[in-house]
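Below is one structure, written out as structure tokens; comments come after it.
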Amino acid sequence: MDFKKLLRGWYSVNKRDLPWRDITNPYHIWVSEVILQQTRVAQGIGYYYRFLNEFPTITSLALAKEDKVLKVWQGLGYYTRARNLQKAAVWLMTNSNGELPKTYDSLLEIPGIGPYSAGAIASFAFGLAVPAIDGNVYRIVARIFGVFASTASATGKKEFNDIVYEVMDKDNPAQFNQALLDFGALQCTPRKPNCVTCPFNSVCYAYRNNTIESLPVKVMKGAVRSRFFVYLIVKYKDSILMSKRTAKDIWHSLYEFPLIEVDDQKSLESFQNSTLWRKIFGKSGVYINKVSPVITHKLSHQTLNIMFVTLTASRLSQWAFRTYSFVSTNNVGDFSVPVVIDNYLAAEPLGEYL
DNA sequence: AAACCGGGGCT
DNA sequence: AGCCCAGGTTT
């Protein structure tokens, strides 16, 4: 089987037209690859244009405030990606002449660039003959070549890498790697792959052995943790209280409202007995305007059950003044917030009770 | 090696 | 209700 020739033939007919396709600007390719980490192409396209419009060069990204980068990233998830991009841009200015380095190994040292992205940038931008192995490639190789090794193990990774390097088109690694991505996304899909029209169906191990559904071998995922949040939308004069998340937890560096986390669903109702409530309001009274129903917000590894409590306070503790930012209701939109907060604010505008 | 980190679309 | 997406980093 001439793998690269069959793939090239498929690609000549089925190639996707994407904004980051057939470009060589290393910065643009870098941004696209980071955006697309664990992110669907359809979701990433808008962010790609918006990000490069806001930060057209590595220099502009290096000079940007992290909060501004996170605001542009809002809604895309995995926010460490945005912080790493900005951090890396700053690093490149002083250590690499403001440019991405041009070898696979040096790309790997940049925060936010791992084995896949280093291979993608090295091949797409610099034409280096290195594999760029993502979920698509694992799936394609596992099925066609009958590889049952786990993609999570070190030996499995090496096995896949060796096969891809062996079959890849060293004369056009950029086209070869991009063709694999399109082939995985369009033809050899996770479920219901289009084997009938596949150019590899006569040689594909999984097709011939009826193991399409069991390849690649997937690892069992652990139980999803449930958490219970009460967000206090505290109105004080013309402001509301917000703070930046700094703990080693979800949504690091994003902004939020005063948060009471409780142990279970029924404890959501007793937010007025919490320590945080007393620390903010002391013994002074507050007027509760609205208590939202419990909103379920699913992350890949946690299920959040969130209740929003909108209230008006005439007095706050000194601790509250020290701890929170007082944000004019007109400026709340300038802060990067989790999607679940953005959605709630869109549905329940802040001006209503002011 | 396994856990952690978001959000959305598809089935 | 799962699965998985142009994965990387931390534990």
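- Nucleic acid contact for A/Asp249: sugar-phosphate only, since backbone atoms but no base atoms lie under 4.0 Å from a heavy atom of the residue.
- For A/Ser117, the listed nucleotide lying nearest its side chain is C/dG7; candidates were B/dG8, C/dG7, C/dA6.
- Within 4.0 Å of A/Thr39, counting heavy atoms only, lies at least one base atom of the nucleic acid.
- For the pair A/Gln37 CD and B/dG8 P, the computed distance is 18 Å after rounding to whole Å.
- For the P atom pair drawn from B/dG8 and C/dG8, the interatomic distance equals 22 Å after rounding to whole Å.
- Within the 4.0 Å cut-off from OP1 or OP2 of B/dC4, not a single side-chain nitrogen or oxygen of A/Gln302 is found.
- Not one side-chain nitrogen or oxygen of A/Lys221 sits closer than 4.0 Å to the OP1 or OP2 atom of C/dC4.
- Between A/Tyr79 and the phosphate of B/dG7, there is a side-chain N or O to OP1/OP2 separation shorter than 4.0 Å.
- Nearest nucleotide to the side chain of A/Arg191, out of C/dG8, B/dC5, B/dT11: B/dT11.
- When the P atom of B/dG8 is taken as reference, atom CG of A/Asp342 falls 10 Å away, rounded to whole Å.
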Start with the C-alpha gap between A/Phe148 and A/Tyr205, add the side-chain angles, then the distance that decides, and say whether ring-ring contact (aromatic ring centres under 6.0 Å, His included) holds.
CA-CA 11 Å; A/Phe148 287 80; A/Tyr205 174 92; 5.8 Å; yes
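- If you measure from atom NE2 of A/His301 to atom P of C/dG8, you get 18 Å, rounded to the nearest angstrom.
- Here A/Trp251 reaches the OP1 or OP2 of B/dG7: one of its side-chain N or O atoms lies under 4.0 Å away.
- Out of B/dG6, C/dT10, C/dC5, the shortest distance to the side chain of A/Pro190 is found at C/dC5.
- At a threshold of 4.0 angstrom between heavy atoms, the contacts of A/Leu181 include nucleobase atoms, whether or not backbone atoms are also involved.
- Residue contacts for A/Gly44: at a heavy-atom cut-off of 4.0 Å it reaches no nucleic acid atom on any strand shown.
- Aromatic rings from A/Phe176 and A/Tyr11 are positioned such that their centres are separated by 6.0 Å or more.
- No contact: A/Leu304 has no heavy atom under 4.0 Å from any strand.
- In this structure, A/Lys157 atom NZ and C/dG7 atom P are separated by 13 Å, rounded to whole Å.
- The 12-atom threshold is not exceeded at CG of A/Asn210, counting heavy atoms of other residues, nucleotides or ligands nearer than 6.0 Å.
- Distance check on atom P: B/dT11 versus C/dA6 gives 14 Å, rounded to whole Å.
- Taking atom P on both C/dC3 and B/dA3, the two are 15 Å apart, rounded to the nearest angstrom.
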Go through A/Phe326 and A/Phe321 one step at a time and tell me if the ring-ring contact (aromatic ring centres under 6.0 Å, His included) criterion holds.
CA-CA 8 Å; A/Phe326 288 67; A/Phe321 284 106; 5.1 Å; yes
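- When the options A/Val31, A/Leu100, A/Ile58 are evaluated for a side chain to side chain contact (heavy atoms under 4.5 Å, CB included) with A/Pro26, the one that passes is A/Leu100.
- Positionally, the nearest nucleotide of DNA chain B for A/Ala154 lies more toward the 5' end than for the other of A/Ala154 and A/Ser300.
- The separation between A/Trp73 atom CH2 and B/dG8 atom C1' is 15 Å, rounded to whole Å.
- Among the heavy atoms of the strands lying under 4.0 Å from A/Arg16 is at least one base atom, whether or not backbone atoms are also near.
- Mapping A/Val41 and A/Ile113 onto DNA chain C by nearest heavy atom places A/Val41 at the nucleotide closer to the 5' end.
- Residue A/Ser153 is classed as a sugar-phosphate contact, given heavy-atom separations below 4.0 Å to backbone atoms only.
- Using a 4.0 Å heavy-atom criterion, one finds that A/Arg225 contacts no nucleic acid atom at all.
- Between B/dG7, C/dG7, B/dG6, one nucleotide has an atom nearer to the side chain of A/Arg81 than all others, and that is B/dG6.
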Would A/Lys266 and A/Asp264 count as a salt bridge (charged side-chain N to carboxylate O under 4.0 Å, His left out) if you check the C-alpha gap in whole Å, the side-chain angles of each, and the deciding distance to 0.1 Å?
CA-CA 6 Å; A/Lys266 68 177 192 301; A/Asp264 48 47; 3.3 Å; yes
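- Here C/dC3 presents its P atom at 8 Å from NZ of A/Lys218, a figure rounded to the nearest Å.
- The cluster map of Ile, Leu, Val, Met, Phe, Trp and Tyr, joined by side-chain heavy atoms under 4.5 Å apart, puts A/Leu259 and A/Leu241 in different clusters.
- Distance from the side chain of A/Gln38 is smallest to C/dC5 among C/dC5, C/dA6, C/dT11.
- At whole-Å resolution of the value, CD1 in A/Ile35 and C1' in C/dC5 are 15 Å apart.
- Using a 4.0 Å heavy-atom cutoff across all strands shown, A/Ala152 reaches sugar-phosphate atoms only and no base atom.
- Separating the NZ atom of A/Lys248 from the C1' atom of B/dC5 is a distance of 12 Å, rounded to the nearest angstrom.
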